[in-house]
Peer 1: 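Below: one structure in structure tokens.
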Amino acid sequence: METNAIYTLWLREMKRFLRSKSRIVGNLSMPFIWLAILGVGLNTSFAIPGIQSNYLEFMAPGIIVMSLLFTSIFSGVSVIWDKQFGFLKEILVAPVSRTSIVVGKILGSTTISLINALLVLAMALLLGALPVSSLTPISLAAALVIMALVSISFVSFGLAIASTMNNMEGFQMIMSFLVMPIFFLSGAFFPLDKVPDWMKVLTHLDPLMYGVDGLRGAFIGVSQFPVLFDIGILAAFSALMILVSSYLFSRMGG
Amino acid sequence: MNAIEMRGLTKKFNGFTAVDSISLDIREGEIFGLLGPNGAGKTTTISMLSTILAPTSGSAKVWGHDIVGEKDAVRKSIGIVFQDPSLDDELTGRENMDFHGRLYDIDGDTRGKRITELLKLVDLEKHADKQVKTYSGGMKRRLEIARGLMHKPKVLFLDEPTLGLDPQTRRKLWDYIKDFNRKEKVTIILTTHYMEEADFLCGRVAIVDQGKIIRLDTPEKLKELLGGDILSIEVSDPKKLSGLLKKASLARNVQIVGSAMNVIASNGSRTLPKIIELACKNGIEVNTAVMKRPSLEDVFIHYTGRGIREQEAEPKRSARMRMRPRGH
């Protein structure tokens with residue numbers, strides 16, 4: 001493993017991230033609006049049958065996962081900009097293996113997504129969307145693992161998309177037909193145990209569902225599957241996505 | 001030793017031959033020019049030599065390393081400045097250099113020293129800590145060249161290094177390039193379609209057209225090949241005068257472009273008055289007459305039958321797009 005090269009790529013991601021204040025604010029504003037307006041609003045008239053928690057507590061883990069999903073995919077897809085602005089060539093012509101480039105990119109983007117997710121978590125605690133009592137060393141550790149795996153999966157997913165596209169034109173399609181369904185089927189907003197069978201099948205195929213489920217299990221103790229099972233599925237999916245993105249990335253140009 | 005050896009190097013894209021069996025040796029320490037119009041195959045050649053594109057057939061060695069079998073060794077020996085910018089605009093000049101140094105595994109101390117030294121060499125030390133998006137085109141180019149030298153490459157590729165720069169900046173860049181070649185003892189291969197550039201910088205020049213090397217020599221020899229001076233004459237009846245010149249054997253070669261004609265003649269300053277006299281005697285009106293020393297442009301026209309810039313206007317873009325390394 002070329003640790004220097006991996007660190008170099010990670011460092012670049014961090015520098016770019018810390019430099020763009022608007023990106024940090026932008027990444028936080030969406031979850032804030034969802035929680036503070038939609039969450040608070042729905043909370044007044046909805047209750048989830050069969051569970052103790054109120055709607056806001058039910059939704060908060062979903063919002064954290066939403067933030068992870070979008071920042072991760074965007075970060076992975078940003079390689080398209082590197083392609084268009086030519087910087088990718090500088091990286092590709094260096095004496096560094098394609099695998100190291102992919103690993104560096106995934107680690108950098110995952111770090112950024114995790115920082116974002118932790119900020120959203122803090123926001124949820126401050127807004128009272130999650131009870132402070134939900135935060136224990138064990139729940140936090142489990143949450144970090146789940147968040148990291150969700151992030152690795154979807155950064156790789158974005159990177160795989162970027163490896164096969166030369167410009168952002170097709171990205172809107174991917175957002176509408178892939179990312180939004182993945183998000184809505186994840187159970188971020190509604191419980192999945194009472195949905196029709198056809199939808200149940202789809203939700204079980206949605207890797208993000210295990211992220212939402214695991215996070216909800218960790219924080220409010222409500223989940224369809226044991227948290228460790230969710231982590232297992234996410235770990236397998238991350239590994240698969242890393243392989244797919246590495247393969248597609250190394251096939252690109254020389 | 002030869003810095004680069006190409007043997008039958010060929011690249012085809014869907015049946016279109018961009019580089020057609022080029023065999024060429026480039027010597028250690030020289031500044032070598034690949035001169036030709038857009039779409040001639042210059043960038044494709046450089047892309048293959050820098051391991052970005054795999055050749056369809058043939059082989060090449062860069063600093064003794066095979067471009068297919070020893071990609072990593074080749075990448076370590078070369079620096080490259082691409083035709084299109086390849087900087088991270090969000091980072092500063094220094095950070096771009098630092099990123100490069102780290103990727104090439106240069107230790108921290110050496111990196112710091114080298115960055116200061118190179119930024120000074122290209123007069124960017126004052127702007128080192130500004131984001132690259134605030135740089136002008138010329139500054140970006142200089143930064144890229146400095147970056148390309150960061151890891152002390154043996155061979156530096158410059159793909160159209162002064163494309164789109166104003167004449168003053170261009171002139172200054174030429175000086176930098178000559179300086180680098182001497183101080184850093186780096187072999188430089190540059191592609192260009194500016195004749196003056198090849199003439200000023202290169203020890204040897206290969207004229208490339210449609211993927212083939214048409215002529216290879218020093219700029220001086222290439223110009224001498226034309227065998228004389230160029231007389232540009234505008235007359236009322238160029239066809240008639242052309243015939244008369246041939247009969248009187250006053251010219252080695254005559255080309256007619258509209259109402260103007262290019263006449264190649266040995267000892268032009270003596271021949272020109274004779275030509276004018278001949279025209280007057282035969283009732284042909286002479287509007288302008290200029291004598292010039294042949295440039296590489298004239299050499300190019302002579303060997304390809306057309307001007308290098310003329311071609312740019314042609315709708316050859318599609319061919320050029322195909323030749324660019326694309327992400328697939």
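Here is how names work: the chains are called A, B, and so on, in the same order as the sequence lines, proteins then strands, and each is numbered from 1. Note that the structure is predicted; figures quoted are calculated from it, not measured.
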Peer 1: Measuring heavy-atom distances to chain A, does B:Ile80 have an atom under 4.5 Å in its side chain, in its backbone, in both, or in neither?
Peer 2: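 Contact with chain A is through the side chain of B:Ile80 alone.
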Peer 1: Could you tell me whether the side chain of B:Ile145 reaches within less than 4.5 Å of the side chain of B:Leu158, counting heavy atoms only?
Peer 2: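 The answer is yes; the side chains approach within 4.5 Å.
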Peer 1: Side chain, backbone, both or neither: which part of A:Leu11 has a non-hydrogen atom closer than 4.5 Å to chain B?
Peer 2: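 The answer is the side chain of A:Leu11.
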Peer 1: Counting N and O atoms only, with roles assigned by atom type, does the side chain of B:Asn96 sit under 3.5 Å from a partner on the main chain of B:Thr92, one being a donor and the other an acceptor?
Peer 2: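 Judged by distance alone, yes, a pair lies under 3.5 Å.
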Peer 1: Under a 4.5 Å heavy-atom cut-off, does chain A meet the side chain of B:Ser77, its backbone, both or neither?
Peer 2: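 For B:Ser77, there is no contact with chain A at all, as no heavy atom is under 4.5 Å.
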Peer 1: Do side-chain atoms of B:Lys42 reach the backbone of B:Asp159 as a donor and acceptor pair under 3.5 angstrom?
Peer 2: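 Not at all, since once roles are kept as given, no pair shorter than 3.5 Å links the two residues.
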Peer 1: Any idea how B:Tyr104 and B:His151 line up, ring-wise: parallel (<30°), tilted (30 to 60°), or perpendicular (>60°)?
Peer 2: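 Ring orientation, 0 to 90° scale: parallel.
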Peer 1: Chain B: which of A:Ser100, A:Pro95, A:Ser97, A:Ser20 shares the most heavy-atom pairs with it under 4.5 Å?
Peer 2: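 When all of A:Ser100, A:Pro95, A:Ser97, A:Ser20 are compared, A:Pro95 has the most.
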Peer 1: Measure from NZ or CZ of A:Arg23 to the centre of the six-membered ring of A:Phe17 and say whether it is under 6.0 Å with the direction within 45° of the ring axis.
Peer 2: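 No - A:Arg23 does not lie over the ring of A:Phe17 by the 6.0 Å and 45° rule.
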Peer 1: Taking side chain as everything from C-beta outward and backbone as N, CA, C, O, which of these in B:Phe99 sits under 4.5 Å from a heavy atom of chain A? Side chain, backbone, both or neither.
Peer 2: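 Both backbone and side chain.
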Peer 1: Can you say whether B:Glu144 sits under 4.5 Å from chain A via the side chain, the backbone, both, or neither, judging by heavy atoms?
Peer 2: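 Contact with chain A: none, neither part.
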